[in-house]
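Quick note: numbers below take in every heavy atom, side chains included, and nothing from hydrogens, waters or symmetry partners. Below, chains carry the letters A, B, ... as their sequence lines are ordered, and counting in each starts from 1.
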Amino acid sequence: MNRNELAGMSASEAAKRLLGCELERELDGQTVRVRIVETEAYDETDAASHSYKGRTQRTDVMFGSAGHLYVYFTYGMHYCANVVVGNEGYGAAVLLRAAQPLEGEQLLERRRNGKTGVDITNGPAKLCQALAITKQLNGHNLEKTPLILRLRPALKESVIEQTTRIGISQAKEMPWRFYIRANPYISAK
DNA sequence: TGCCTGATGTTCT
DNA sequence: GAACATCAGGCAC
């Protein structure tokens, strides 16, 4: 993964750039690969972002260098995974909302308690559960095992759908959710 | 199909 | 002490 590429981007540019890219996870001695199909952009000018209120112990990773993983815990039981983007010192990240299994799907199904098909990874917390992403991986460098982000050629604008974000209470009007058009693995609207 | 609610930890006010 | 970038299960329609 070329970290410099993500460092030079705004959160919304990076959110689009990450669509179609792949995550490779080492899990139980197996390799699992998924393709990112849905993202949301957050940065420190954005009232819905954790970095909006400044750098704290919790959000420290978001202000760090691009290409690292920011994991946070929410609603008492769920984790969500973000890819840190932008320049160091600027609090920006891209939330990974949904992905499409490419390899190791059976292992993902097991981890999701027998859920199958699109239900395995069509939501940010589901994705984390399936890929065993917990706060242990907060701050993880995505160039290294056991979780590697592999960039793929940027998708054409024509296959990217852009809408407002989901599941937030602040700055709902910002059209910073992106997903691959007509992909069944995106989360519910 | 679609609303309602319970589960439940961490962070910040 | 409240808010929170959620999910799954239950029940009404």
Student: Tell me which residues in residues 47-57 of chain A lie within less than 4.0 Å of DNA chain B, going by non-hydrogen atoms.
Tutor: K53(A), T56(A)
Student: Among pairs that include at least one residue of residues 16-33 of chain A, which meet salt bridge (charged side-chain N to carboxylate O under 4.0 Å, His left out), considering only residues two or more places apart or in two chains?
Tutor: E5(A)-R17(A), K16(A)-E157(A), E22(A)-R33(A), E22(A)-R152(A), E24(A)-R150(A), R33(A)-E103(A)
Student: For DNA chain B, note the earliest and the latest nucleotide, 5' to 3', having some atom under 4.0 Å of a heavy atom belonging to chain A.
Tutor: dA7(B) to dT13(B)
Student: When you measure from every atom of DNA chain B, which of residues 126-140 of chain A have a heavy atom less than 4.0 Å away?
Tutor: K135(A)
Student: Sequence neighbours left out, what passes side chain to side chain contact (heavy atoms under 4.5 Å, CB included) with Q100(A)? Give chain and number order.
Tutor: R35(A), V37(A), N183(A), Y185(A)
Student: For residues 52-79 of chain A, which residue pairs pass the salt bridge (charged side-chain N to carboxylate O under 4.0 Å, His left out) check, not counting sequence neighbours?
Tutor: R55(A)-D60(A)
Student: Would you mind telling me which of L147(A), L137(A), I148(A) makes a side-chain contact (heavy atoms from CB on, under 4.5 Å) with L142(A)?
Tutor: L147(A)
Student: Name the first nucleotide and the last nucleotide along DNA chain C (5' to 3') that come under 4.0 Å of a heavy atom in chain A.
Tutor: dC4(C) to dA8(C)
Student: Closest-nucleotide mapping onto DNA chain C: is Q170(A) or P124(A) further toward the 5' terminus? I mean the 5' end.
Tutor: Q170(A)
Student: Does atom OH of Y52(A) have more than 12 heavy-atom neighbours, drawn from other residues, nucleotides or ligands, at distances under 6.0 Å?
Tutor: no
Student: If two hydrophobic side chains count as joined below 4.5 Å and joins carry through other members, does I168(A) share a cluster with Y75(A)?
Tutor: no
Student: To the nearest 0.5 Å, what is the distance between CZ (R111(A)) and CG (L27(A))?
Tutor: 5.5 Å
Student: Is the number of heavy atoms from other residues, nucleotides or ligands under 6.0 Å of Q106(A) CD greater than 12?
Tutor: no
Student: N138(A) and F73(A): side-chain contact (heavy atoms from CB on, under 4.5 Å), yes or no, with the steps?
Tutor: CA-CA 10 Å; N138(A) 189 32; F73(A) 194 82; over 6 Å; no
Student: Which residues pass the side chain to side chain contact (heavy atoms under 4.5 Å, CB included) test with Q30(A), sequence neighbours left out?
Tutor: L107(A), R110(A)
Student: Is there a donor-acceptor pair closer than 3.5 Å between any side-chain N or O of E38(A) and the backbone N or O of A98(A)?
Tutor: no
Student: Suppose the criterion is salt bridge (charged side-chain N to carboxylate O under 4.0 Å, His left out): which pairs have a residue in residues 126-136 of chain A, not counting sequence neighbours?
Tutor: D119(A)-K126(A)
Student: Go through DNA chain B and write down every stem, that is, every run of at least three consecutive Watson-Crick or G-U wobble pairs with distances under 3.5 Å, as range with range.
Tutor: B:1-7 with C:6-12, B:9-12 with C:1-4
Student: How would you list, by chain and number, every residue that makes a side chain to side chain contact (heavy atoms under 4.5 Å, CB included) with S10(A), sequence neighbours excluded?
Tutor: S12(A), E13(A)
Student: In a table with atom names and distances, give each donor-acceptor pair under 3.5 Å that connects a side chain of residues 82-90 of chain A to protein atoms at least two apart or in another chain.
Tutor:
unit_1	atom_1	unit_2	atom_2	d
N82(A)	ND2	Y70(A)	O	3.2
Y90(A)	OH	D43(A)	OD2	3.2

Student: Going by atom types only, do R112(A) and Q129(A) share a side-chain donor-acceptor pair under 3.5 Å?
Tutor: yes
